[in-house]
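I have placed the structure first, in the form of structure tokens, so that the comments after it can refer back to it.
Order of the sequence lines sets the chain letters (A, B, ...), proteins ahead of strands, with each chain counted from 1.
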Number of protein chains: 2
Amino acid sequence: MALEFAILGFLSREAMTGYDLKTRCFDDAAGHLWTADQAQIYRTLEKLSTRGLVRSRLVPQRGRPDRRLYSITERGRTALSAWLREPEPPSQVRDPFLLHLFLSPDLPDDEITSLLSGAREEYQRRLEHLRGPAREELDKWARQTGRIRDAELRRMTLSAGAAAARSAIDWVDDCIDRVRSGLPAPDPGGVSRVPTRG
Amino acid sequence: MALEFAILGFLSREAMTGYDLKTRCFDDAAGHLWTADQAQIYRTLEKLSTRGLVRSRLVPQRGRPDRRLYSITERGRTALSAWLREPEPPSQVRDPFLLHLFLSPDLPDDEITSLLSGAREEYQRRLEHLRGPAREELDKWARQTGRIRDAELRRMTLSAGAAAARSAIDWVDDCIDRVRSGLPAPDPGGVSRVPTRG
DNA sequence: AACGAGTATAGGACAAGTCCTATAAAAAAC
DNA sequence: GTTTTTTATAGGACTTGTCCTATACTCGTT
């Protein structure tokens with residue numbers, strides 16, 4: 001569902017190939033909020049094409065495979081517009097890291113701490129990427145294309161990611177403190193009869 | 001992957017039926033960080049059973065279907081323990097709401113605002129649930145089971161959700177301000193030639 | 001000269017997740 | 001007194017997403 005409209009959204013600005021969508025759109029512009037597998041992009045383009053929401057023409061090339069250039073149709077614009085007007089409630093949380101932590105009471109304190117520190121590093125990396133390279137690339141794109149309203153909304157999504165990362169870092173720090181200041185002893189009946197590491 | 005270990009984790013505390021896992025574990029205890037479809041739980045239990053990580057026995061009942069009570073095996077405990085020791089980096093973000101916002105520059109300001117307010121309400125609901133009912137249920141569970149270390153880690157995951165929701169609310173408020181204080185005019189070449197609503 | 005990276009598309013296999021349906025009886029709600 | 005909910009399991013169909021492979025030529029690097 002979402003991928004279809006993401007593709008329609010990108011094509012509403014510019015005709016593109018599957019490859020462009022993958023590299024410029026999903027990897028670069030929107031990578032911080034939605035990733036897409038290459039194979040899935042091509043298959044979705046095909047599906048959109050049979051439904052008449054996009055259309056494609058072959059652009060011959062020498063020395064490399066012909067480009068299949070996709071553009072949005074009027075029906076595609078209508079479908080996109082209708083979808084955009086539907087409210088989109090924040091999606092359910094489904095977080096493998098939190099699940100891992102949730103299931104970890106049988107690990108010793110130091111392993112829980114290292115679990116948390118690892119996450120902290122990742123959140124930190126993410127935050128720096130969003131505030132640095134990602135932000136600069138977006139500003140550059142805005143200058144080049146002049147799409148300042150597009151850019152403003154994109155900036156909002158960057159700041160959402162940054163806010164989430166910042167708050168996650170604070171949360172991790174708080175958790176590490178709580179572990180250091182003494183977690184309750186292991187509950188009975190856990191998984192820990194399995195021999196410990198080493 | 002994750003679901004398998006979530007199930008093993010729950011069964012490491014107590015033998016349960018698929019129904020118990022669905023209602024008590026995934027809906028109630030872990031619903032804020034991982035949901036699971038009923039059909040998927042039963043199928044995963046079957047898979048775990050053929051791999052020898054869980055085992056089941058039928059507990060006959062009168063008047064209602066027999067319960068198939070699953071318990072974790074030693075091999076299951078070993079597998080769980082090994083998985084818990086593997087680091088789990090925070091997962092990639094994939095956020096349909098942010099995608100929607102990202103794709104919305106052709107909507108008029110007031111529709112973007114209502115998009116944001118809708119999200120704010122949902123985050124608010126989530127925050128109140130985590131601080132209120134979810135927290136109370138967890139404390140009750142902790143008192144009843146005496147699993148105070150388990151409970152402490154579970155509390156951490158609740159506070160992660162609460163922190164995320166709080167920061168999302170702040171972010172939304174900031175976005176609404178930015179829209180009110182004047183977003184740049186629509187960029188040319190958008191989707192908006194489609195007749196507006198009404 | 002060989003090797004990897006970039007440009008470009010596409011199929012196969014599979015895992016994960018969602019939705020719907022069927023069955024069945026007790027208990028609670030209306 | 002009828003309807004809905006709760007308890008309990010399980011299959012079918014489907015969508016979404018991931019990973020791997022194949023093809024094919026160019027350009028830059030070692």
Original post:
At what angle, to 10 degrees, do the two end axes of the helix from dA1(C)-dT30(D) to dC30(C)-dG1(D) meet, given five pairs define each axis?
Top reply: 40°
For [X], the rest of its hydrophobic cluster, which grows through side-chain links under 4.5 angstrom:
{"X": "Val59(B)", "value": "Leu69(B)"}
{"X": "Leu58(A)", "value": "none"}
{"X": "Tyr42(A)", "value": "Tyr19(A)"}

Original post:
Does a side-chain N-to-carboxylate-O contact under 4.0 Å join Asp139(B) and Arg154(B)?
Top reply: no
Original post:
Is there a donor and acceptor pair closer than 3.5 Å between the side chain of Arg24(B) and the base of dT6(D)?
Top reply: no
**OP:** Would you kindly check whether a donor in the side chain of Arg94(A) faces an acceptor in the base of dG17(D), or vice versa, at under 3.5 angstrom?
**Re:** no
**OP:** Measure the CG-OH distance between Leu116(B) and Tyr123(B) for me, rounded to the nearest 0.5 Å.
**Re:** 9.5 Å
Report yes if at least one side-chain N or O of [X] is closer than 4.0 Å to OP1 or OP2 of [N]; otherwise report no.
{"X": "Gln61(A)", "N": "dT7(C)", "result": "no"}
{"X": "Thr17(B)", "N": "dT9(D)", "result": "yes"}
{"X": "Tyr42(A)", "N": "dA10(C)", "result": "no"}
{"X": "Arg68(A)", "N": "dT9(C)", "result": "no"}
{"X": "Gln40(B)", "N": "dA16(C)", "result": "no"}

Original post:
More 5' along DNA chain C: Leu3(B) or Arg67(A), using each one's nearest nucleotide?
Top reply: Arg67(A)
Original post:
What residues form a side-chain hydrogen bond (donor to acceptor under 3.5 Å, both in side chains) with Asp95(B), not counting sequence neighbours?
Top reply: none
Original post:
What nucleic acid atoms does Lys47(A) come within less than 4.0 Å of, heavy atoms only: base, sugar-phosphate, or nothing?
Top reply: sugar-phosphate
Table of protein N/O atoms under 3.5 Å from nucleotides 20-27 of chain C N/O atoms:
unit_1: dA25(C); atom_1: O4'; unit_2: Gly63(B); atom_2: O; d: 3.1

Subject >> Closest non-hydrogen atom pair between Leu107(A) and Arg149(B), with its separation >> reply: O-NH2, 2.6 Å
Original post:
Between Arg43(B) and Arg43(A), which has a closest nucleotide on DNA chain D that is more 5'?
Top reply: Arg43(B)
Subject >> Contact check, side chains of Pro105(B) and Arg13(A), non-hydrogen atoms, under 4.5 Å >> reply: yes
Original post:
Nearest to the side chain of Tyr19(B), which nucleotide is it out of dA8(D), dA8(C), dG17(D)?
Top reply: dA8(D)
